[in-house]
Amino acid sequence: MPSEAVGGGRGGKAGREERMVPRAEFRSYYGRPVLKKPRWKAPHMPGYLYLGGLSGAASTMGALADATGRRRLALTGKLTAVAAAAAGSGLLVAELGRPERFLHMLRVFKPTSPMSVGSWVLAAHGGLTGASAASAVTGIAPWLGRAAGAASAVTGPVLATYTGVLIADTAVPAWHEAYRHLPLLFAGSALASAGSAGMIGTPRGEAGPARRMALLGAGLELTVAGALERGAGMREEAELVSEPYRTGRASALLKSGRWLTAAGAAATLSAGRSRTAAVAAGVALTGGALCTRFGVFYAGIASAEDPKYTVVPQRARLTAS
Amino acid sequence: MENSLYGPLANVAEDAGYTDPPARAGFFTDTSVCIGCKACEVACKEWNAIPDDGFALTGMSYDNTGALGASTWRHVAFIEQTAPREVGDSAGSTRWLMASDVCKHCTHAACLDVCPTGALFRTEFSTVVVQQDICNGCAYCVSACPYGVIDRREDDGRAWKCTMCYDRLGDGMEPACAKACPTDSIQYGPLDELRARAQERLGDLHREGVAEARLYGEDENDGVGGTGALFLLLDEPEAYGLPPDPVVTTRDLPAMWKWAGGAALALAGGVAASFLGRR
Ligand code: SF4
Ligand code: SF4
């Protein structure tokens with residue numbers, strides 16, 4: 001009699017690590033997911049998460065470099081910020097089912113929608129970084145350019161971290177339950193990304209702050225990613241809900257990211273003495289930041305596709321109450 | 001405007017800004033009398049001119065529809081179970097559960113909360129509807145719905161779901177599915193009345209010895225503030241593909257913004273600290 005599926009979801013799909021987790025008993029409708037799989041796709045969504053972080057931290061770096069008289073580092077920061085904001089916006093528009101309606105994002109301002117808030121922040125940030133970069137390159141209206149750059153040091157940190165709320169404010173278990181981790185993870189990753197751009201695009205003598213950003217960011221990224229993979233700081237069924245970060249494609253990406261970030265941080269230590277080391281560090285840290293974003297993305301997809309991540313924590317909650 | 005994100009709401013339409021709205025409209029789907037005829041699925045498709053969503057065989061009992069989606073706004077689930085039904089029946093006998101699922105028209109609707117364009121809106125009947133001329137297909141609602149109801153139609157690029165036949169309600173008619181249901185498994189009406197009727201039916205079934213009967217979505221203190229579409233089920237919700245204890249994701253939004261604010265400050269502080277050195 002073909003009856004409903006009882007038991008551990010789809011067999012054979014999960015990686016070796018799953019053996020550490022006790023097999024969850026749960027009921028479902030023919031093993032089908034409860035949730036809809038996110039329609040967001042790669043490389044668009046994870047690419048946007050990376051570019052938003054890069055642009056946000058780079059604009060802040062550019063503004064402070066400006067204020068402390070580091071002209072080359074300021075220019076690198078400003079150009080990186082505007083290029084990443086433009087590329088990120090392009091990915092967002094391409095992600096829409098109706099790209100020609102992208103301006104509908106600015107029809108209303110809705111505080112309950114992180115995507116609405118983010119669209120306004122991105123629009124403001126894009127304008128500010130554009131003005132600041134244009135002025136820096138052409139030398140026109142330097143005072144205004146500097147003011148725009150300073151303002152982009154406010155929009156930047158918001159742009160780099162709101163994306164954690166963007167994906168956490170969903171029913172996707174691995175994203176929602178990580179709402180305490182994701183903004184900090186993205187902040188660390190953004191610091192490392194912008195530091196990388198600064199190291200690659202600036203002579204060593206001016207790139208000291210970029211190197212320190214890279215080190216700080218790498219440390220934060222490694223710490224928070226580690227907590228996320230272990231489920232540290234998750235409140236409900238931490239072991240199970242963090243499992244998508246330890247299995248399958250997400251796990252492979254997060255592991256590669258960890259190695260790249262650690263190697264990049266190590267190379268950053270010699271980046272003050274060697275141009276080769278600076279470029280190698282920047283490339284490795286950038287690779288690490290990309291792996292982190294793609295890993296988080298695929299962990300969410302995996303958690304939406306398997307009903308156990310939806311049903312088991314909810315059933316446990318009902319049993320407990 | 002103050003948005004309430006969680007908990008019971010006395011008047012959903014008023015909370016959304018309507019003055020003196022009509023009574024909240026709802027569905028009560030009593031699965032104990034569903035015969036699995038799929039008249040609701042067909043009536044919905046016909047009235048709303050919904051395109052087909054493939055003609056695949058799923059191998060799941062009589063269910064070749066599979067799930068709710070962009071082009072399926074009523075979905076009839078078929079569950080075949082074998083269990084001992086009476087004393088001495090050790091081999092067990094088969095029972096067939098059938099249930100017509102639909103959008104829950106949540107009191108706190110995550111799809112509506114997260115929609116960045118305002119395409120999703122609360123109607124005067126307290127239902128949740130997509131304005132197709134506004135939706136830009138960002139698909140945020142798809143990931144936000146805790147029931148996996150709304151989806152994007154890929155060839156069209158926009159999000160679609162049950163409207164509770166908004167056009168019919170406006171003319172004082174009941175939704176097409178409720179109209180077509182031959183056993184009154186799907187009932188339409190003012191939600192308050194339906195709630196009372198559901199309690200009554202539950203009491204009758206319990207008195208008749210159907211101890212496994214239970215209501216789903218009627219509790220205003222649940223994670224979505226209660227639903228506009230109630231169900232009477234004969235097994236646990238997850239057996240029907242329904243989440244046992246869904247919570248509207250925006251309940252945690254204030255906390256999420258706090259964590260993001262902290263992270264933004266940490267990022268700004270990190271950059272500033274990096275500029276402290278001389279080199
Ligand atoms: S069930 Fe899903 S699609 Fe329907 S109102 Fe609730 S959140 Fe929106
Ligand atoms: S896909 Fe359409 S209805 Fe859904 S959240 Fe985006 S704009 Fe709103």
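Every chain is numbered from 1, with letters handed out A, B, ... down the list of sequences. Only heavy atoms go into these numbers, but all of them, side chains included; no hydrogens, no water, no symmetry mates. None of the values given here were measured: they were computed from a predicted structure.
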Can you tell me which portion of P254(B) sits under 4.5 Å from chain A's heavy atoms? Options are side chain, backbone, both or neither. neither
Measuring only between side-chain heavy atoms, which start at C-beta, is S28(A) closer than 4.5 Å to E238(B)? no
From CA spacing to verdict: side-chain contact (heavy atoms from CB on, under 4.5 Å), R152(B), R98(A): CA-CA 11 Å; R152(B) 189 166 73 185; R98(A) 287 286 178 99; over 6 Å; no
How long is the gap from SG on C135(B) to NE2 on H104(A), to the nearest 0.5 Å? 10.0 Å
Would V149(B) and K36(A) count as a side-chain contact (heavy atoms from CB on, under 4.5 Å) here? Give the steps. CA-CA 7 Å; V149(B) 167; K36(A) 285 278 171 285; over 6 Å; no
Looking at A263(B) and L184(A), what are the two nearest heavy atoms and their distance? CB-N, 3.7 Å
OG1 of T310(A) to CG of L242(B), rounded to nearest 0.5 Å, is 12.0 Å
If you tally heavy-atom pairs under 4.5 Å against chain B, which of V311(A), L159(A), V158(A) wins? V311(A)
Distance check, rounded to the nearest 0.5 Å: S143(B) atom OG versus I301(A) atom CD1? 7.5 Å
Is it the side chain or the backbone of V117(A) that comes within 4.5 Å of chain B heavy atoms, both, or neither? side chain
Heavy-atom pairs under 4.5 Å with chain A - which of A139(B), A67(B), G148(B) has more of them than the others? G148(B)
Part of I134(B) lying under 4.5 Å from any heavy atom of chain A: both
Could you check whether atom CH2 of W259(B) has more than 12 heavy atoms from other residues, nucleotides or ligands sitting under 6.0 Å from it? no
Show, in sequence, the C-alpha distance, side-chain angles and deciding distance for V165(A) and W257(B), and conclude whether the side-chain contact (heavy atoms from CB on, under 4.5 Å) test is met. CA-CA 7 Å; V165(A) 183; W257(B) 282 126; 3.9 Å; yes
Quick one: do D151(B) and R39(A) make a salt bridge, cutoff under 4.0 Å? yes
Counting heavy-atom pairs under 4.5 angstrom with chain A, the leader among A273(B), P246(B), G223(B), C115(B) is C115(B)
If you tally heavy-atom pairs under 4.5 Å between each of T60(A), L96(A), L185(A), L73(A) and chain B, the highest tally belongs to L96(A)
Side chain to side chain, H176(A) and M256(B), heavy atoms closer than 4.5 Å: yes
Least distance between heavy atoms, L166(A) atom then Y140(B) atom: O-OH, 2.6 Å
Hey, does S113(A) have a side-chain heavy atom less than 4.5 Å from the side chain of D113(B)? no
Where do T112(A) and T250(B) come nearest, in terms of heavy atoms and distance? O-CG2, 3.9 Å
At a heavy-atom distance under 4.5 Å, which candidate from M115(A), M105(A), M61(A), H181(A) has the highest pair count against chain B? M115(A)
Evaluate the criterion side-chain contact (heavy atoms from CB on, under 4.5 Å) for residue pair Y29(A) and M60(B); output intermediate values, then yes/no. CA-CA 9 Å; Y29(A) 184 63; M60(B) 294 162 13; 3.8 Å; yes
Which of L68(B), V248(B), D133(B) touches chain A most, by non-hydrogen pairs under 4.5 Å: D133(B)
Under 4.5 Å between any side-chain heavy atoms of R27(A) and D235(B), yes or no? yes
Residue pair L267(B) / A190(A): nearest heavy atoms and the distance that separates them: CD1-CB, 4.0 Å
Can you tell me if OH on Y62(B) sees more than 12 non-hydrogen neighbours from other groups inside 6.0 Å? no
Take atom NZ of K41(A) as the centre, draw a 6.0 Å sphere, and report whether it contains more than 12 heavy atoms from other residues, nucleotides or ligands. yes
Around atom CZ of R72(A), are there more than 12 heavy atoms from other residues, nucleotides or ligands closer than 6.0 Å? no
Within the side chain of T170(A), is there an N or O that forms a donor-acceptor pair under 3.5 Å with the backbone of A144(B)? no
In terms of heavy-atom proximity below 4.5 Å to chain A, should A77(B) be classed as side chain, backbone, both, or neither? both
Is it the side chain or the backbone of T68(A) that comes within 4.5 Å of chain B heavy atoms, both, or neither? side chain
With only heavy atoms counted, which part of F102(A) is less than 4.5 Å from chain B, the side chain, the backbone, both or neither? backbone
Of all heavy-atom pairs between I79(B) and Y30(A), which one has the smallest distance, and what is that distance? CA-OH, 4.2 Å
Scored by heavy-atom pairs under 4.5 Å with chain B, the best of L35(A), L64(A), T163(A), L220(A) is L64(A)
Taking side chain as everything from C-beta outward and backbone as N, CA, C, O, which of these in C145(B) sits under 4.5 Å from a heavy atom of chain A? Side chain, backbone, both or neither. backbone
Heavy-atom cut-off 4.5 Å, strictly under: side chain, backbone, both or neither for A272(B) against chain A? both
What part of A67(A) gets within 4.5 angstrom of chain B, counting heavy atoms only: side chain, backbone, both, or neither? neither
Proximity breakdown for L97(B) and chain A, heavy-atom pairs closer than 4.5 Å: neither
Point-to-point distance, once rounded to the nearest 0.5 Å, from OG of S274(B) to CG of L191(A): 6.5 Å
Just so I understand: if I count every heavy-atom pair under 4.5 Å between each of V172(A), D169(A), L92(A), L182(A) and chain B, which residue has the most? D169(A)
Name the option with the most non-hydrogen atom pairs under 4.5 Å to chain B; the candidates are G188(A), A171(A), P38(A). A171(A)
For chain A, find which of P243(B), C141(B), A110(B), A268(B) contributes the most heavy-atom pairs closer than 4.5 angstrom. P243(B)
Chain B heavy atoms under 4.5 Å from R180(A): which part of the residue, side chain, backbone, both or neither? both
Do R315(A) and E236(B) come close enough that some side-chain heavy atom pair is under 4.5 Å? yes
How far apart are the closest heavy atoms of P116(B) and V108(A), and which atoms are they? O-CG2, 3.4 Å
CZ/R107(A) to OG1/T117(B) distance, rounded to the nearest 0.5 angstrom? 6.5 Å
Under 4.5 Å between any side-chain heavy atoms of D252(B) and Y179(A), yes or no? yes
Is there side-chain contact between F275(B) and R212(A), with at least one heavy-atom pair below 4.5 Å? no
